[in-house]
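These notes concern the structure reproduced below.
The basis for the numbers below is simple: all heavy atoms, side chains too, and nothing from hydrogens, waters or symmetry mates. Indexing begins at 1, ligand by ligand and atom by atom, following the structure's order. Here the structure is a predicted model, which means the values were calculated and not measured. Residue indices begin at 1 and follow the sequence shown.
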Amino acid sequence: MLDKIIKDIKDAKTLTHENITALLDSPDETLWAQVFERADDIRKKNFGDAVHLRGLLEFSNYCKRNCLYCGLRKDNKTQYRYRMPPDEIVENAVQIASFGIKTIVLQSGEDPYYTTDIICNILRDIKKNADTAITLSIGEKTRDEYKAFFDAGADRYLIRHETASPSLYASLHPDSTLKERLNCIDDLFSIGFQVGIGCMVGLPGQTHSDMAADILLLQEKQPDMIGMGPFICNQDTPLQGALSGTIEQTLKMTALARIVCPRSHLPATTATGSIDRFGREKALAVGANVVMPNFTPLNYRMHYTIYPNKRCITEDGYKCNTCIRKMIENEGRTVATGYGHSLRFESSTGQTS
Ligand code: 5AD
Ligand code: SF4
Ligand code: FES
């Protein structure tokens, strides 16, 4: 059966839930080496060797939600909280763009302080003063709010589905359901955003069948971007003491994501780089084509502690910029110079630089 699955992958056949689960159940390293090689080929065919940089600005760590796994959850009273004033957000974004970064990712917890008007003004001010694409990652909002962000200049929106298992989702999110999350995702697509979804790997209680459901959801939605990283246990959350996801699991899921979504932008995430010193390099070798240098000012950055031992927490933004560029070159890859829009929105020649 496994040989047949590998053949299906090579023939670019649609994968079934049963097949993905069987693959994930297999510890066979030669089999996985073939999966990794296939994922790397698909990345190369669709994106070439260019790696896109997305400059991350974590502008507020307030959050009104209580996701069980996350250090920014509202009930984590040990967490020091900060908010960057709108002017400072714009000023930083303009500076990030001056480093040749063509996408700025504005990320925060779900923080009601930033009203729709405030966010829209920030978006317009950045667009007026910098030549850059903007990705928002600020959580669940109404369709009207999403539409306002889009009209004010946001190009893309990241909202991970976190896990495609309705029961696991419900057990980790006291304030929401998977259905609500999927509705947000549908709203974002229908408005015209480039949309990013994705999940954590190795969540407590997550089975191979659950992980197969994540891959199937990616296959079905064909998102423009994918965000996938290991769950990392945070001692200041109700999941304290749980096992974290492993680099092996994460690389398998990254490769499968690339295989079912040949044309999605797929980052080597910070969490992947945080559980393994060379995690990002390893992810770049099994399908990833994006990295996200952190440009959050240092005095704030050390407080954006979703999980512990986060990479680059004491590094200056400009240091990450240089470091990441070097890392990409060391891997024999090049740094892309364009906006790195979704291939859906690029010319039909597949020109992505
Ligand atoms: N480990 C790994 N990733 C986490 N996230 C939140 N908490 C953790 C954790 N403990 C991820 C979620 C969220 C993104 C911003 O960070 O997937 O969508
Ligand atoms: Fe808030 Fe996002 Fe953390 Fe959930 S994962 S608590 S929504 S910052
Ligand atoms: Fe931050 Fe290397 S990417 S120091």
Side-chain angles (χ1 to χ4, degrees), residues 53-56 58-76 79 81 105-112 135-141 157-163 169 172-176 180-181 184-185 196-204 206 214 225-240 242-246 249-250 267-275 277-281 291-296 298 301 303-328 330:
L53 298 184
R54 319 297 200 194
L56 180 63
E58 297 153 329
F59 66 89
S60 160
N61 71 352
Y62 279 84
C63 188
K64 67 174 188 193
R65 302 190 93 112
N66 257 320
C67 309
L68 260 64
Y69 43 79
C70 178
L72 304 191
R73 63 200 305 277
K74 178 170 132 225
D75 288 351
N76 181 9
Q79 177 70 51
R81 306 281 172 174
V105 182
L106 298 178
Q107 186 171 81
S108 69
E110 289 198 17
D111 183 356
T135 304
L136 274 183
S137 177
I138 59 176
E140 294 188 19
K141 306 277 174 184
Y157 206 102
L158 293 178
I159 183 159
R160 291 184 176 186
H161 66 275
E162 312 295 2
T163 168
Y169 192 100
L172 295 169
H173 301 96
D175 358 60
S176 62
E180 287 164 334
R181 195 72 166 185
C184 287
I185 291 167
I197 67 172
C199 60
M200 280 172 285
V201 179
L203 285 162
Q206 190 182 38
D214 289 319
M225 299 97 74
I226 298 172
M228 191 181 264
F231 158 71
I232 302 176
C233 179
N234 187 327
Q235 297 303 334
D236 296 326
T237 67
L239 298 183
Q240 63 180 94
L243 287 179
S244 297
T246 66
Q249 274 175 323
T250 306
T269 54
T270 308
T272 308
S274 298
I275 54 161
R277 211 160 99 71
F278 296 107
R280 291 178 308 190
E281 287 86 337
V291 277
M292 299 173 68
N294 194 330
F295 280 92
T296 310
L298 265 191
R301 192 189 303 195
H303 301 298
Y304 205 82
T305 32
I306 294 180
Y307 50 79
N309 305 320
K310 200 168 145 206
R311 239 198 125 91
C312 308
I313 212 88
T314 57
E315 250 65 48
D316 186 87
Y318 311 110
K319 165 132 193 261
C320 286
N321 185 36
T322 330
C323 168
I324 280 192
R325 285 173 192 269
K326 253 194 229 135
M327 183 264 277
I328 291 169
N330 285 344

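A salt bridge links Arg181 and Glu140; the closest N-O separation between the charged side-chain nitrogens and carboxylate oxygens is under 4.0 Å.
Closer than 4.0 angstrom to ligand 1 by heavy atom are Tyr69, Cys70, Arg160, Glu162, Met200, Pro230, Phe231, Ile232, Ile306, Tyr307, sorted by chain and number. Listed by chain and number, Arg280, Cys312, Glu315, Cys320, Cys323, Ile324 each place a non-hydrogen atom less than 4.0 angstrom from ligand 3.
Per-residue contacts place Gly109 under 4.0 angstrom from the following atoms of ligand 2 (heavy atoms of the residue considered): 8 (S). For ligand 2, the atoms lying closer than 4.0 Å to a non-hydrogen atom of Tyr69 are 5 (S). Contact atoms of ligand 2 toward Arg73: 6 (S) (distance under 4.0 Å to a heavy atom of the residue).
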Do Leu172 and Glu162 pass the side chain to side chain contact (heavy atoms under 4.5 Å, CB included) test, and can you show the C-alpha distance, the side-chain angles, and the key distance before you say yes or no? CA-CA 10 Å; Leu172 295 169; Glu162 312 295 2; over 6 Å; no
Working note: Arg65 + Ser176, criterion side chain to side chain donor-acceptor pair (under 3.5 Å); need CA distance, chi angles, decisive distance, verdict. CA-CA 9 Å; Arg65 302 190 93 112; Ser176 62; 3.2 Å; yes
Would you check, one step at a time, whether the test side chain to side chain contact (heavy atoms under 4.5 Å, CB included) holds for Cys199 with His161? CA-CA 6 Å; Cys199 60; His161 66 275; 3.7 Å; yes
Residues Lys74, Cys63; criterion side chain to side chain contact (heavy atoms under 4.5 Å, CB included); working and verdict: CA-CA 6 Å; Lys74 178 170 132 225; Cys63 188; 5.8 Å; no
In sequence, state the C-alpha distance, the side-chain angles, and the governing distance for Leu53 and Val291, and then conclude on side chain to side chain contact (heavy atoms under 4.5 Å, CB included). CA-CA 5 Å; Leu53 298 184; Val291 277; 3.5 Å; yes
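The environment of NZ in Lys310 is crowded: more than 12 heavy-atom neighbours from other residues, nucleotides or ligands sit within 6.0 Å. Heavy-atom contacts from other residues, nucleotides or ligands closer than 6.0 Å to CG of Leu298 number more than 12. For CZ of Arg81, the number of neighbouring non-hydrogen atoms (other residues, nucleotides, ligands) closer than 6.0 Å is greater than 12. More than 12 heavy atoms of other shown residues, nucleotides or ligands fall within 6.0 angstrom of atom CG in Asp175.
Between Asp236 and Gln79, the side chains place no donor N or O within less than 3.5 Å of an acceptor N or O (distance only, hydrogens not considered).
The shortest side-chain heavy-atom distance between Ser274 and Arg311 falls under the 4.5 Å cut-off. At a threshold of 4.5 Å between non-hydrogen side-chain atoms, the residues Pro174 and Leu68 count as touching.
Looking only at protein heavy atoms, the nearest one to atom 3 (Fe) of ligand 2 is Cys70 SG, 2.3 Å. Atom 4 (Fe) of ligand 2 has as its closest protein heavy atom Cys67 SG, 2.3 Å.
Not a single N/O/S atom of Cys63, whether from backbone or side chain, sits less than 2.8 Å from atom 4 (Fe) of ligand 2.
Proximity of atom 8 (S) of ligand 2 to the protein is indicated by at least one non-hydrogen atom lying closer than 4.0 angstrom.
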